[in-house]
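Note sheet for the following structure.
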Amino acid sequence: MTWFIIIALMFALFALNMRIYLAMFAAVVAYFVFFSSVPLQISVQRIIAPTQNPSLLAIPFFVLLGTLLGTTGIAGRLMKLADLMVGRLTGGLGHTNVMLSTLMGGISASNLADAAMMCRILVPEMRRQGYSAGAAAAITACGSLITPIIPPGIALIIYALVADVSIGSMFTAGIIPGLLCAALLIMAVWINARRKGLKPSRESWPTAAETKTTLIGAWPAIFLVLVIVGGIRLSIFTPTEAGAVATVFTLAIGFLIYREMKLSDVGRAFAETGRQTASILLVIMTSSALAWIFSVERAGVAMAEIITSLTTDPWVFLIAINVLLLVLGMFIEGTALMIILVPLLKPVVMQLGIDPVHFGIVMILNLSIGTLTPPVGTVLLMVCNLTGTKLVEFMRDGWIFLATLLVALLLVTFVPAFSLALI
């Protein structure tokens, strides 16, 4: 049970608020020093090894893409398109918020970046139109959850690398669950708006001329989504190549079409991409060494034996995993949990006949909800900080949106076709 001691040490370090990659690194070193006769140099090799995987290039490309979007003018034009589509509904700006997150999810890869943008451009106007501070913040935070599920979410790439499944399959599998979350959130926004007597943000449905003007302004952004998703789906290029091509198109849109981007914006985007990519890769590198330890210690096999001795019903297993992840997600960052647990749980998933792609979408959606729950929900804390909303206000006015996401999680869990229909 050496692997269990290593995991316990790691979680203890998490509890002491040590950085994720440092806690993982400490656990790896502890294993090689105290529990293994393998030379310590091997730990360095296992940490460096994942950096040789070409698929990792997809991460900096899509991080750069998401970072550049705020300076191209794409977000503003997509907001006009979102308002055109749903602004006439009761509680119009809340619907626009969710729809913009959905449209941005096809381009951006970061829910934090998405939520931060919404806090700046939509929350103040939502407050002026009658939304409470808690409701405006909760809609923004819950809508941003769509971003990591709809391709090209970074979580989809990380899971694919850790679970050794196709990145393209994960991208395709995330489309319907992401749209499902958007549809259910729009229903919840409508119900909340009816209860609170909120009005639409538009007085009438758009005219043909307005629709034409908005679509002409937004076509480069729509084309960008088609390049990313369509290019991968049609096997025109790999996800890594899609990230590179989309980044080039984004620069062309910013400099040549909308002409709102400056060279200084590109410099800041590259600097931010370097910081974000480094933090992600440090976690992936140390987790790779942990995965090797789990393999050597046959931790996955042991976990499979323990779980199958309790149940062989895949649905019972999925319920138990959802409850476990929802609880752990309240205290531990989702990316770390995914990287730690996937090598342990994949043998169980395969033995119970659960499709690993379906399981990946369930896990990502589950852990994304964890970013919205106290005490360490990263999106929750950021949105409350940026909007000046108290946590009690967020939970009081936002419970209906969190409950809606739990309904979406149950549907995605028990209807695998939502994840697998397009593959």
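- Looking at heavy atoms from C-beta onward, P356 lies in side-chain contact with Y159 at the 4.5 angstrom threshold.
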- CA sep, side-chain torsions, deciding dist, call: D265, K262, salt bridge (Lys or Arg N to Asp or Glu O under 4.0 Å): CA-CA 5 Å; D265 296 328; K262 302 176 182 177; over 6 Å; no
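- No more than 12 heavy atoms of other residues, nucleotides or ligands lie within 6.0 Å of CZ in F270, so this atom counts as exposed by the packing criterion.
- The shortest side-chain heavy-atom distance between L372 and L145 falls under the 4.5 Å cut-off.
- In this structure, K196 places its NZ atom where more than 12 heavy-atom neighbours from other residues, nucleotides or ligands lie under 6.0 Å away.
- The two residues C181 and A408 make their nearest non-hydrogen contact at SG-CB, 3.9 Å.
- Contact check for M170 versus I157: no side-chain heavy atoms found under the 4.5 Å cut-off.
- Taking the side chain as every heavy atom from C-beta outward, L365 and P177 never approach each other to under 4.5 Å.
- Looking at L100, V189, T96 one by one, the single match for side-chain contact (heavy atoms from CB on, under 4.5 Å) with V86 turns out to be T96.
- Shown here for G178 and I149, the closest heavy-atom pair between the two residues is N-CG2, 3.7 Å.
- Under the 3.5 Å distance criterion, the side-chain polar atoms of K346 are matched with a main-chain donor or acceptor of A163.
- Note: W292 CH2 to Q45 CD = 9.5 Å, rounded to the nearest 0.5 Å.
- For the residue pair I293 and V28, the shortest heavy atom distance occurs at CD1-CA, 4.1 Å.
- Contact of the T404 side chain with the C142 side chain is not registered, since no non-hydrogen atoms from C-beta on lie closer than 4.5 Å.
- Relative ring orientation between F171 and F62 is described as perpendicular, the plane-to-plane angle rising above 60° on a 0-90° scale split at 30° and 60°.
- Pairing each heavy atom of Y258 with each of A218, the nearest pair is OH-CA, 4.0 Å.
- Using cut-offs of 30° and 60° on the angle between ring planes, the pair F249 and F223 is perpendicular.
- Between I139 and Y131, the shortest heavy-atom contact is CD1-CE2, 3.6 Å.
- Using a 4.0 Å cut-off between a side-chain N of Lys or Arg and a carboxylate O of Asp or Glu, R77 and E260 qualify as a salt bridge.
- Side-chain contact between D83 and H95 is absent, with no heavy-atom pair separated by less than 4.5 Å.
- Side-chain contact between V362 and I321 is absent, with no heavy-atom pair separated by less than 4.5 Å.
- Residues I339 and T286 form no side-chain contact, since every pair of their non-hydrogen atoms from C-beta on lies 4.5 Å or further apart.
- A 6.0 Å sphere centred on CZ of F418 holds more than 12 heavy atoms belonging to other residues, nucleotides or ligands.
- With respect to the salt-bridge test (charged N to carboxylate O, under 4.0 angstrom), the residues E272 and R275 qualify.
- The two residues F394 and T389 come nearest to each other via the heavy atoms N-CG2, 4.1 Å.
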